[in-house]
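Worksheet for the structure shown next.
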Amino acid sequence: LDEEFRGKSTEAMGSFMGMIDKVEAKAKEGGRLRPLFDELVEVQRKYRESKNMTRDHRNKVWAKLDGAFKEIKGKLFGDQDNNKNQNQGNSPSARTQRRLDGLLNAIEKMERSMRRDEDDLEFIEDLKDFIKIVRGKTLILFTSFHSIKEAFLWLEHDLKKDGITVYAQSIWGWKQKLIDFYKQNATNSVLIWTNTFWEWVDIPWDDLKYLIIHKIPFMVPTDPIFQWRSQLFKDPFSEYAIPKAVIKLKQWFWRLIRTKNDSWVVIFLDDRIYSSNWGNALYTAFPENIKKRVWFTQDFLDILNKSKN
């Protein structure tokens, strides 16, 4: 499936490159710039929603898209560097430029918010399908209480109809009570915790088989300790935030491996591990000699479903 993923990634990259080529060709032929700019915005939206490309292919598409944007914006608004002083003033063109920039920023923020809501709904539905197949023995790690509450509200009612109980941190009481309830029927139960909660709780290993990690465990940017230590680095993200996340992931994996016979399925949902420039660094957190696969959600669910039947 790795080859299949790369094939689909190549196909998606070709599609995006073709769309950008068409916009650039229209610009060279003297097409109206405003509609062409809107076309690029639409291509950018589809690019951000696309999750079936490798990091290298995403970088190539982004470089071409960025170049096309600069070309169109240069023709549409003029040379920003040459007009810098004018834009800082109060001329009609400067005021128009500022209003346009503000409008584009507002639209982009609204689109990001809507995409985030849509992604959350899609994620919950996929999670629900997964749990209905495996039924239980599952631990889901979130990075915030807000995510736990949202997931619980979406999952609990539907899964209860299928005889599956969702035990969520801070909703089902104190931690020992949570584990005791879970152990009574682990085969048909799911645990939802924050990653920090897991670090302080002994998990009943025999009653767990699936670990689902929702997001890369980065430190909270507003944490005072994180902010203070970040000042010690030239590039806080790559030199401090990423190494700290790698260490935490390693600790999680080592908590799973107790004996040579331990067998787990770890599902990592954050696609930034393969779609971002820095994602490859996180692969060092994975233990050696384990099977690693990149799956499309539906393909994974189909294979899992067949293995259960």
Side-chain angles (χ1 to χ4, degrees), residues 48-49 51 109-131 138-160 164-179 181-182 189-203 208 210-230 236-238 240-253 255-256 266-276 278-279 281-282 285 297:
R48 287 174 173 169
E49 292 178 352
K51 297 181 179 180
K109 288 180 181 178
M110 288 187 289
E111 287 180 343
R112 280 203 305 267
S113 177
M114 289 186 289
R115 286 197 298 272
R116 185 167 57 248
D117 292 341
E118 291 171 357
D119 289 343
D120 287 344
L121 290 175
E122 182 179 353
F123 156 70
I124 292 297
E125 288 303 317
D126 292 338
L127 191 58
K128 193 182 301 180
D129 291 339
F130 170 83
I131 295 172
T138 300
L139 168 62
I140 308 171
L141 293 181
F142 287 96
T143 55
S144 68
F145 288 111
H146 174 75
S147 298
I148 286 178
K149 292 176 182 178
E150 289 294 313
F152 181 80
L153 290 173
W154 282 98
L155 293 173
E156 195 268 344
H157 180 70
D158 283 350
L159 293 178
K160 191 174 183 179
I164 302 171
T165 305
V166 180
Y167 294 102
Q169 175 187 348
S170 76
I171 295 177
W172 273 85
W174 61 296
K175 59 186 177 183
Q176 191 56 51
K177 179 181 178 182
L178 192 71
I179 294 175
F181 276 128
Y182 172 83
S189 299
V190 176
L191 290 168
I192 303 180
W193 293 348
T194 58
N195 49 42
T196 52
F197 186 76
W198 182 31
E199 294 169 3
W200 296 97
V201 174
D202 288 328
I203 297 179
L208 282 169
Y210 303 97
L211 172 65
I212 300 176
I213 302 173
H214 182 220
K215 292 290 184 183
I216 296 169
F218 286 123
M219 296 181 68
V220 180
T222 55
D223 180 84
I225 295 178
F226 177 80
Q227 292 182 345
W228 178 79
R229 291 182 177 173
S230 294
F237 182 70
S238 61
Y240 182 55
I242 291 179
K244 291 290 287 186
V246 168
I247 291 173
K248 188 173 287 290
L249 284 174
K250 285 183 176 180
Q251 292 172 340
W252 291 358
F253 280 113
R255 292 204 72 193
L256 300 178
V266 178
I267 303 168
F268 202 89
L269 299 177
D270 197 331
D271 63 359
R272 291 177 295 177
I273 198 169
Y274 68 84
S275 63
S276 65
W278 43 264
L282 293 165
T297 302

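In terms of heavy-atom proximity, Tyr240 sits nearest to Arg229 at OH-CD, 3.1 Å. Scanning both residues, Thr138 and Ile212, for their nearest heavy atoms gives CG2-CD1, 3.9 Å. When all heavy atoms of Ala245 and Ile216 are compared, the pair lying nearest together is CB-CG2, 4.0 Å. Across Lys215 and Thr143, no two heavy atoms sit closer than the pair CB-CG2, 3.9 Å. Looking at every heavy atom in both residues, Ala281 comes nearest to Val246 through O-CG2, 3.8 Å.
Between Phe218 and Phe237, a ring centre-to-centre spacing shorter than 6.0 Å is recorded. With ring centers used as reference points, Tyr182 lies 6.0 Å or more from Trp193.
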(request) Any chance you could lay out the side-chain contact (heavy atoms from CB on, under 4.5 Å) test for Val166 and Ile131, step after step, and finish with the verdict? (result) CA-CA 10 Å; Val166 180; Ile131 295 172; 5.7 Å; no
(message) Show, in sequence, the C-alpha distance, side-chain angles and deciding distance for Ser238 and Trp278, and conclude whether the side-chain contact (heavy atoms from CB on, under 4.5 Å) test is met.
(response) CA-CA 8 Å; Ser238 61; Trp278 43 264; over 6 Å; no
(request) Decide yes or no on side-chain contact (heavy atoms from CB on, under 4.5 Å) for Leu155 and Ile192, but give the supporting numbers first. (result) CA-CA 11 Å; Leu155 293 173; Ile192 303 180; 4.2 Å; yes
(request) Go through the steps to decide whether Phe181 and Thr165 satisfy the test side-chain contact (heavy atoms from CB on, under 4.5 Å), and finish with yes or no. (result) CA-CA 10 Å; Phe181 276 128; Thr165 305; over 6 Å; no
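Phe268 is listed as a side-chain neighbour of Leu249, based on a closest heavy-atom distance under 4.5 Å. The shortest side-chain heavy-atom distance between Trp252 and Ile213 falls under the 4.5 Å cut-off.
Here Lys160 pairs with Glu156 under the side-chain contact (heavy atoms from CB on, under 4.5 Å) rule; sequence neighbours left out.
The distance from the CZ atom of Phe142 to the CD1 atom of Ile148 is 7.0 Å, given to the nearest 0.5 Å. How far CG of Leu141 is from CD of Gln169: 10.0 Å, rounded to the nearest 0.5 Å. Considering CD1 of Ile179 and NZ of Lys177, their distance stands at 13.5 Å, rounded to 0.5 Å.
Within a 6.0 Å sphere centred on NZ of Lys128, heavy atoms belonging to other residues, nucleotides or ligands number more than 12.
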